[in-house]
Amino acid sequence: MTFHSILFEKTEDSVKKETPEAPVFFVDLNLDQVIEAITARKEEYNLKPFFYTSLKDIDTIKYRQEVMRDLENETLLEKIESFAQKMRVMRRCLALADKLYYKYHKEGWFLEAVEIYCDAVNCLVHDLSLADLKSFGLLAFREYVMNYAKSDRFTLLQAETKKLKADLSTVKYCLLIKGNSVKVRKYESEMDYSAEVEKTFEKFKQGAVKDYQVKLPMGSGMNHVEAQILDLVARLYPDIFLNLDDFCTKNSHFVDETIAVFDREIQFYIAYLEYVETFKRAGLKFCYPQVSNTCKEVYSYEGFDLALAYKLINENSSVVCNDFYLKDKERILVVTGPNQGGKTTFARTFGQLHYLASLGCPVPGREAQLFLFDSLFTHFEKEENIQNLRGKLEDDLIRIYHILDQATSNSILIMNEIFTSTTLRDGVFLSKKIMEKIIQLDLLCVWVTFLDELASFSEKTVSMASTVVPENPALRTYKIVRGPADGLAYAIAIAEKYRLTYNRLKERLKL
Amino acid sequence: MKAFLMYRDQDFDLQQKLPWNEQALIQDLELNVLFDAMALGDKFLFEVAKKAVLCGLSNDLDTIFYRQHILKDCLKNPSIIRDIYHIAVEAIENKKKHYYGIFSSYPSSILSSSIEMLQMFMGLLKKLKSIADEQADKFESEGFTAFFAMLKRELHDEYFASVQDHLRELKFRHGVLISAELGKGNEGTHYILRKPHNKKQSWMQRIFAQKSPVYTFYIADRDESGFRALSELKDRGINLVANALAQSADHILSFFTMLRTELAFYVGCLNLHGQLARMGEPISFPLPVAPDERKHSFKGLYDVCLALSMKQKIVGNDLDADHKDLVIITGANRGGKSTFLRSLGLSQLMMQCGMFVPAEFFCANICKGLFTHYKRKEDVTMKSGKLDEELGRMSEIIDHITSNSMVLLNESFAATNEREGSEIARQIICALLEKQIKVFFVTHLYELAHGFYTQKLENAIFLRAERQTDGRRTFKITQGEPLQTSYGEDLYNKIFGTDC
């Protein structure tokens with residue numbers, strides 16, 4: 001078992017490991033907000049490029065899902081976090097040592113960094129040895145790091161570090177400050193004067209009093225006087241400081257490359273799991289989806305839009321989950337119904353689920369089977385611009401043309417209210433044309449529209465509609481359910497509320 | 001060092017919480033008149049009087065006797081007490097006026113300021129010590145005997161001398177010796193001020209006598225940042241000792257503060273005593289008994305607040321209510337019922353905080369809590385609202401009350417008609433009595449009073465505001481059956497004239 005990376009099983013693949021820019025559909029699907037929230041407290045790991053890279057092979061997705069499942073063990077996650085915390089401190093010490101000016105000061109912080117690194121590795125080895133691991137990725141890493149900890153390179157580093165730290169802790173010196181002179185010599189067991197003074201006045205102690213200790217700024221580095229003192233202290237203890245010099249020169253690159261890479265990559269999982277925790281606490285479910293690159297019978301139960309749910313949880317509002325499924329020849333979900341009813345959210349959910357599944361992550365919902373796409377396309381209408389009607393329509397069509405040009409039968413397309421700025425007749429006409437293309441390509445598609453005509457276009461289309469509370473049509477349920485598109489349903493509900501439906505009017509008018 | 005003049009073994013806590021119903025107690029018993037008489041315009045005396053009197057309800061019998069003995073000593077030696085009090089005040093005032101340096105953010109100025117302040121305190125402690133040496137034999141109480149013995153024990157001459165030594169040393173004429181170790185990043189840490197080995201040799205001499213190497217460097221004259229760094233380093237060394245010294249100064253200050261606080265109570269008692277003596281009003285030391293006993297007997301008990309505000313001697317009352325849980329007081333309007341009820345509350349508080357009481361003789365069980373429920377004047381127009389308000393207050397009392405407490409009710413539940421008011425009151429009183437709570441009830445609710453009277457309860461006693469046959473009030477409260485009217489007619493006649 002050889003270990004390369006906790007994110008990628010095989011390095012020999014020509015897979016692109018990191019993508020610097022967010023995919024174009026990120027904004028439409030609000031995935032930019034999602035990834036922003038996931039990576040917000042992990043800036044230093046630069047995790048976004050991982051989240052910008054969707055996987056193309058099922059094996060790697062399974063590899064990651066396994067690692068993620070292992071890490072759902074809270075104890076293990078805590079241990080890895082504590083390793084990461086140590087590595088962060090180690091890097092801060094190194095950065096500090098790099099910035100500093102005085103030699104022994106630099107070396108002191110370098111030694112500090114090495115000590116923390118050794119501790120981090122030892123703890124990690126210990127913690128992993130106790131962990132019940134199932135994933136191929138973590139098992140391979142455990143083997144790697146255990147071998148590393150036993151290697152001469154590491155054991156020697158650790159022994160020397162311990163020796164140096166022990167020696168330095170024996171250094172104890174005295175300063176006599178008088179006027180402009182400073183004398184430095186070894187400490188000779190002189191009495192603690194503060195303690196003696198305290199004892200003299202002890203009889204007056206009356207319970208708690210103000211603390212007059214001045215919080216003198218600490219760790220703000222070293223000034224030239226302190227540096228001079230340190231130089232003299234080094235002369236008092238020449239052997240120890242000579243050893244320190246040697247140690248620093250010899251070990252300038254002490255961090256193991258594979259461990260350093262692991263430290264960064266594992267944060268991909270930790271960041272995602274921490275994010276998921278917010279939702280789980282609010283009672284929402286996550287699941288590991290079955291992912292296939294052949295079967296287009298997708299489904300999801302109790303899924304939700306992560307970006308919206310995140311906001312709602314922060315506002316203490318409840319989150320509405322929705323289901324969808326496609327069976328047999330069904331490929332296209334046509335979503336209609338009243339505005340503000342959750343249609344766009346539904347479309348985004350569909351896109352987010354598929355994208356996150358392609359990263360190897362668990363997805364919102366109780367259960368899901370999803371399709372591994374080669375490309376994901378979105379077409380969302382931003383806002384209407386009446387002054388530029390023709391330009392906009394033209395622009396829309398050009399974009400759709402390009403999408404359909406690039407799309408293969410393994411692509412996913414999500415469209416939200418296109419052709420709203422043209423005439424109904426044009427809209428219907430163009431939509432039908434596009435629909436034919438989509439059907440022809442056998443694309444998986446969600447299409448949010450106000451055009452009822454599209455809902456029953458063919459055996460490949462499925463009609464879904466947003467719903468309202470029957471007694472009060474002003475209240476949305478945010479539920480999107482399978483059902484015929486009926487643009488009148490909403491109007492009838494409102495009429496009912498004001499007792500203006502035909503039946504009501506008959507009663508009221510005593511007809 | 002502790003003064004221990006309020007408790008045998010604990011400090012008097014000026015920050016302690018007042019009983020939750022302090023507002024009601026102060027208002028209903030007119031306690032501010034009492035506090036003013038004790039304070040004579042001094043805010044601090046007022047505050048201590050208020051705390052001591054209101055918090056006295058939690059004292060045990062032992063504490064009450066402990067304070068009574070001290071107070072007797074004070075009454076014998078008022079001028080010595082005031083002298084000691086003024087030494088404490090001087091210490092506190094001096095500290096307030098000078099020595100701001102102690103609040104500096106530089107250990108060196110905290111240190112020098114603390115040294116000066118300690119010099120000043122030592123002077124006052126010496127004064128205190130000489131009073132102890134000269135006057136101690138005039139005091140008999142356990143509290144003062146222990147106090148003077150403590151001063152003699154702790155503040156002997158050698159002690160003052162060793163303090164002076166330290167205060168001189170801490171000016172560091174020979175330089176500051178600091179030990180240090182290497183912390184993270186080889187930065188110096190754990191700076192500790194050290195005392196050199198041999199006092200006879202100067203530190204410089206000693207260092208030159210060392211065999212192990214000593215390295216020296218100098219800060220150049222114009223190296224301002226170097227000097228700043230050096231004094232920072234020195235500050236690290238003396239930070240702890242400056243803190244220790246400043247805290248010691250604080251401790252001595254708090255000794256003086258505690259002394260002042262505890263004496264303030266007795267000074268307040270002296271002040272009150274003086275005023276009552278001038279009016280010729282009697283005082284006596286009460287005899288408190290355990291809370292589960294039922295004693296309440298006195299002779300010549302007067303309302304000390306009424307006397308103080310009228311500045312004249314007033315009528316006192318006698319009572320023998322031993323073994324009684326319920327005292328119902330009825331009778332003439334303006335016949336002294338409220339004054340009588342107030343004198344009961346005041347004497348109870350005064351006794352429980354260790355003071356003398358305004359009576360020739362007084363013996364009562366101490367109570368765990370004192371509660372007043374007086375008719376309030378607001379909301380005259382809204383009858384139902386007023387009853388709500390009254391019941392609300394009663395319910396609050398019920399939330400806080402425990403057995404062996406004492407409740408003073410004054411015209412409670414008169415906000416509704418007599419039958420309803422009586423029934424409400426009856427149910428409440430019965431419950432209180434079952435809970436072993438002493439109830440004093442001034443009331444016009446005849447049905448209520450009469451109802452209890454006919455039950456012939458062994459633990460109830462009925463009192464009446466006395467009226468002469470000619471209708472004049474004597475302001476005397478005597479035992480008697482509740483009467484149907486409250487002589488409102490009298491009052492009417494007095495105001496409107498009898499002739500019409």
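Bear in mind that the values here come from a model prediction, so they are computed numbers and not experimental data. Each chain gets a letter, A, B and so on, in the order the sequences are listed, and its residues count up from 1.
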**Item:** Nearest non-hydrogen partners of B:Leu240 and A:Ser194, listed with the distance
**Value:** CB-OG, 3.7 Å
**Gap between atom NZ of A:Lys199 and atom OG of B:Ser162 - 0.5 Å precision** = 10.5 Å
**Request:** Evaluate the side-chain proximity of A:Val225 to B:Phe227: yes if any heavy-atom separation is below 4.5 Å, no if none is.
**Result:** no
**Request:** Could you grab the distance from atom NE2 of B:His166 to atom CD of A:Glu196, nearest 0.5 Å is fine?
**Result:** 4.5 Å
**Item:** Greater than 12 external heavy atoms within 6.0 Å of B:Lys184's NZ
**Value:** no
**Prompt:** Within a strict 4.5 Å, meaning less than it, do heavy atoms of the B:Glu181 and A:Val171 side chains meet?
**Reply:** no
**Fill in**
Most contact-rich option vs chain A, by heavy-atom pairs under 4.5 angstrom, among B:Met258, B:His190, B:Lys2, B:Arg173, is B:Lys2
**Item:** Geometric cation-pi criterion A:Arg235 and B:Tyr215, 6.0 Å radius, 45° cone
**Value:** yes
**Request:** Look at B:Lys195 together with A:Glu190 and state whether they make a salt bridge at an N to O cut-off of under 4.0 Å.
**Result:** no
**Request:** Determine the option with the most heavy-atom pairs under 4.5 angstrom with chain A, choosing from B:Asp221, B:Asn243, B:Ile252, B:Leu118.
**Result:** B:Asn243
**Prompt:** Where do A:Met222 and B:Asn186 come nearest, in terms of heavy atoms and distance?
**Reply:** CE-O, 3.6 Å
**Message:** Show the nearest heavy-atom pair for residues A:Lys183 and B:Val214, with the distance to one decimal.
**Reply:** CB-CG1, 4.1 Å
**Item:** Which atoms of B:Phe255 approach chain A - backbone, side chain, both or neither, heavy atom under 4.5 Å
**Value:** both
**Asked** Are more than 12 heavy atoms from other residues, nucleotides or ligands located less than 6.0 Å from atom CZ of A:Arg153?
**Response** yes
**Asked** Which answer fits A:Leu230, side chain, backbone, both or neither, if we ask what part of it has an atom under 4.5 Å from a heavy atom of chain B?
**Response** side chain
**Side chain, backbone, both or neither of A:Asn223 within contact of chain B (heavy atoms, under 4.5 Å)** = side chain
**Asked** Would you find a donor on one side and an acceptor on the other, under 3.5 Å apart, between the side chain of A:Tyr104 and the backbone of B:Gly185?
**Response** no
**Request:** Determine the minimum heavy-atom distance between B:Tyr218 and A:Ser181, stating which atoms define it.
**Result:** CE2-CB, 3.2 Å
**Fill in**
Given the options B:Ile238, B:Leu177, B:Leu170, A:Tyr193 meets side-chain contact (heavy atoms from CB on, under 4.5 Å) only with B:Leu170
**Message:** Restricting to non-hydrogen atoms, name the atom on A:Phe201 and the atom on B:Tyr159 that form the minimum distance, rounded to 0.1 Å.
**Reply:** CA-OH, 3.9 Å
**Complete:** In this structure, CE of A:Met191 is separated from CD1 of B:Ile192 (nearest 0.5 Å) by 12.5 Å
**Request:** Below 4.5 Å from any heavy atom of chain A, which atoms of B:Ser225 appear? Answer side chain, backbone, both or neither.
**Result:** both
**Request:** Drop me the distance from A:Lys178's NZ to B:Lys234's NZ, to the nearest 0.5 angstrom.
**Result:** 11.0 Å
**Request:** Could you tell me the separation between the CD atom of A:Glu226 and the CD atom of B:Glu187, rounded to the nearest 0.5 Å?
**Result:** 7.5 Å
**Prompt:** CG/A:Leu175 to OG/B:Ser179 distance, rounded to the nearest 0.5 angstrom?
**Reply:** 8.5 Å
**Item:** Under 4.5 Å from any heavy atom of chain B - which part of A:Tyr237
**Value:** neither
**Fill in**
A:Ile177 and B:Leu230 have their tightest heavy-atom pair at CG2-CG, 3.8 Å
**Request:** For side-chain hydrogen bond (donor to acceptor under 3.5 Å, both in side chains), just list the numbers for A:Tyr212 and B:Asp250, CA-CA rounded to whole Å, side-chain angles, deciding distance to a tenth of an Å, and then say yes or no.
**Result:** CA-CA 10 Å; A:Tyr212 288 94; B:Asp250 267 8; 2.8 Å; yes
**Asked** So which of B:Thr257, B:Asp223, B:Asp11 has the biggest tally of heavy-atom pairs under 4.5 Å with chain A?
**Response** B:Asp223
**Asked** What part of A:Tyr187 is in contact with chain B, defined as an atom under 4.5 angstrom from a non-hydrogen atom: side chain, backbone, both or neither?
**Response** side chain
**Asked** Using non-hydrogen atoms only, which part of B:Arg228 is less than 4.5 Å away from chain A: side chain, backbone, both, or neither?
**Response** neither
**Request:** Decide yes or no for B:Glu169 and A:Val197: does some side-chain heavy atom of the first lie under 4.5 Å from some side-chain heavy atom of the second?
**Result:** no
**Message:** Between B:Leu111 and chain A, with a heavy-atom cut-off of 4.5 Å, which part of the residue counts as in contact: side chain, backbone, both or neither?
**Reply:** neither
**Prompt:** Ring centres of B:Phe217 and A:His224 under 6.0 Å apart?
**Reply:** no
**Request:** Go through the atoms of A:Leu244 and report whether side chain, backbone, both or neither lie under 4.5 Å from a heavy atom of chain B.
**Result:** side chain
**Asked** Should we say atom NZ of A:Lys165 is surrounded by more than 12 heavy atoms from elsewhere, each under 6.0 Å from it?
**Response** yes
